[in-house]
Number of protein chains: 2
Amino acid sequence: MRVDGSKITRQDDLNRILEALDDTSELEGLQRATEEIRDLYGINHVVYHWVDSAGEQYGCGTYANAWRERYLQQNYIRIDPVIIGCYQRFHPVDWKRLDWTGKAARAFLQEARAYGVGNQGFSVPIRGPNGQFALFTVSHDCDDDVWSAFTAAHSRDLILIAHYFNRKALEFEPNRQPEAAQTLSPREVDAMTLLAMGYSRAQTAETLSISEHTLRVYIESARFKLGAMNTTHAVARALARGLIMV
Amino acid sequence: MRVDGSKITRQDDLNRILEALDDTSELEGLQRATEEIRDLYGINHVVYHWVDSAGEQYGCGTYANAWRERYLQQNYIRIDPVIIGCYQRFHPVDWKRLDWTGKAARAFLQEARAYGVGNQGFSVPIRGPNGQFALFTVSHDCDDDVWSAFTAAHSRDLILIAHYFNRKALEFEPNRQPEAAQTLSPREVDAMTLLAMGYSRAQTAETLSISEHTLRVYIESARFKLGAMNTTHAVARALARGLIMV
DNA sequence: TTTTTTCTCCCCAGATCTGGTGAGGGGGGG
DNA sequence: CCCCCCCTCACCAGATCTGGGGAGAAAAAA
């Protein structure tokens, strides 16, 4: 069912979209996919964007360019309730359920509507390795009832589409997955893990039942392998590369 | 299509499973769901488990209890190529594509088979807020061809099921969330970011054009907010929670 | 407008980490 | 059989970090 009530052959269209995404070999394809999805479902906007404390790493979608520029230039990531809310959640969320109290948020919403974003929205948070975070959003202009029916009918599709978008985005951004070239020895992993858990060198050594001298050898060895300048840096890199868990 | 080739009404059964998961209000329900899914697809095992360096936080599934105990007791998380491999990936992965070189991994695989895990496997990595990480795995005993066909036919279903499992697990484990609320101030983010990049305190202060004393205040403040015991711990947590990027 | 948070600066002593070098035993792979 | 990597231990001096105080101005939230 499209948002306007007309029928679509749900499963086939979803498969077509996902396969198209799978076959995409360039960023352009993701942009085109957002437009196809928008047209297929008959909604106003479809957007995928990678969210990053440093600003948008990559994004594609059907929002007006003016709005996108405004958003970036104003650094709205900091106040956008969609970002903030989704960042703490796992399951997709309807914009109505987010926290729109607060002056900045209200003003932001109003401005977004002025740029044609629509009065309804539904966002799917997605997380990849190394703390990567992205959002897949659909938005529209309609009544609450219509929108509820639409999201209820398609939330699963949207989760899958979001997943495939993110998969491609990760493929295109390979510096996220440099090479697992340098692996750490088991003992080095232990050391890095405990340090990342807040243990001091002395505590770590005691926990591992080795002398602090030996521990230092591991730390230095790990630091060398990871190309890190100090212990904190080494732990940060080990975490970022998924070599240890906390 | 089931793994043995017989047909199932794909969409309806999937919907039933997902709705059952949605309606579950106790951990027991997840356990039952794994068994239902196993029977529905006609495979050997279905497992969902939360992965954590400290050991398994929560898990349910159809593996033999003996194997589960053995796994925990031996702390196989450290060497399990499924864990290690999925931790660096986003998309689900067939076990065959993982790295099974290495003596420990080989021995592990053999032991797992001895406990009836099966010779084929397919695991879906899932990530939630705060660096939460979990795996949803299906395993079986069959030829490569049969397994390939099965995973190709159902990988999308499995992604969705994994998503719903994790959603419930997060609901049941709300103590992940409280600490999450703590956000860092912009300056604190700057400090943590530079430290994670390997800068010393002196370099960081200089880069931010503030005195080292001031920088220390940020570090301590961030450490406090993050409940960290030292700078390295604070950086590790900030990274794990996605508050900073490197 | 009041209150809260953020940003900036300062002191000091003791604990902790870092850098560079050396050395012996054990296990796996070529 | 040899080589390379992993694990273990040791010394020392100087650089760096930590803990616990206090304080004022500006900005944001209530």
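When reading the values below, keep in mind they use all heavy atoms of this one structure, side chains included, and skip hydrogens, waters and symmetry mates. Reminder, nothing fancy here: chain letters follow the sequence lines and each chain counts from 1.
In this structure, Thr137(B) contributes its side chain and Val47(B) its backbone to no donor-acceptor pair below 3.5 Å.
Between Phe133(A) and Tyr87(A), the ring centre distance stays below 6.0 Å.
Distance from the side chain of Arg216(B) is smallest to dT18(D) among dT18(D), dT8(C), dC7(D). Distance from the side chain of Ser211(A) is smallest for dA10(D) among the nucleotides dC11(D), dC7(D), dA10(D).
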### Task
Go through the steps for His163(A) and Phe90(B) under the test ring pair (Phe, Tyr, Trp, His ring centres under 6.0 Å), then give the verdict.
CA-CA 9 Å; His163(A) 184 99; Phe90(B) 172 70; 4.4 Å; yes

### Query
Between Arg167(B) and Asp22(B), is a salt bridge (Lys or Arg N to Asp or Glu O under 4.0 Å) present by the stated rule, with each step listed?
CA-CA 9 Å; Arg167(B) 181 194 177 189; Asp22(B) 248 349; 2.7 Å; yes

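Taking atom CG on Asn230(A) and atom C1' on dT18(D), their separation rounds to 16 Å, with Å as the unit. Residue Glu212(B) contributes atom CD, which lies 11 Å from atom P of dC10(C) at whole-angstrom precision. As rounded to whole Å, 11 Å separates atom P of dA10(D) from atom CD1 of Ile210(A). The interatomic distance linking Leu215(A) (CG) with dT18(C) (C1') rounds to 13 Å, in whole Å. The NE2 atom of His213(A) sits 11 Å away from the C1' atom of dC12(D) (whole-angstrom rounding). In this structure, Glu188(B) atom CD and dT5(C) atom C1' are separated by 10 Å, rounded to whole Å. For the pair Ile219(A) CD1 and dC6(D) C1', the interatomic distance rounds to 16 Å; values are reported in whole Å. What separates CD of Glu220(A) from C1' of dA10(D) is a distance of 13 Å, to the nearest Å.
Looking at which nucleotide of DNA chain C each of Ser200(A) and Lys103(B) is closest to, the 5′-most match is held by Ser200(A). Toward the 5′ end of DNA chain D lies the nearest nucleotide of Ser221(A), the other residue of the pair Ser221(A) and Val217(A) mapping further downstream. Mapping Leu195(A) and Leu208(B) onto DNA chain C by nearest heavy atom places Leu208(B) closer to the 5' end of the strand.
Across all strands, Thr214(B) comes closer than 4.0 Å to base atoms (heavy-atom distances). Among the protein residues, Thr231(A) comes within range of the sugar-phosphate backbone only, with heavy atoms under 4.0 Å from sugar or phosphate atoms but none that close to a base. As judged by a 4.0 angstrom heavy-atom cut-off over every strand, Arg201(A) is placed among the base-contacting residues.
A close approach under 4.0 Å does occur between a side-chain nitrogen or oxygen of Tyr218(A) and OP1 or OP2 of dT8(D).
The base of dG19(D) lies outside donor-acceptor range of the side chain of Arg223(B), with no N or O pair under 3.5 Å.
Checked options Thr151(A), Asp144(A), Asp141(A); the residue passing with Gln120(A) is Asp144(A) (criterion: side-chain hydrogen bond (donor to acceptor under 3.5 Å, both in side chains)).
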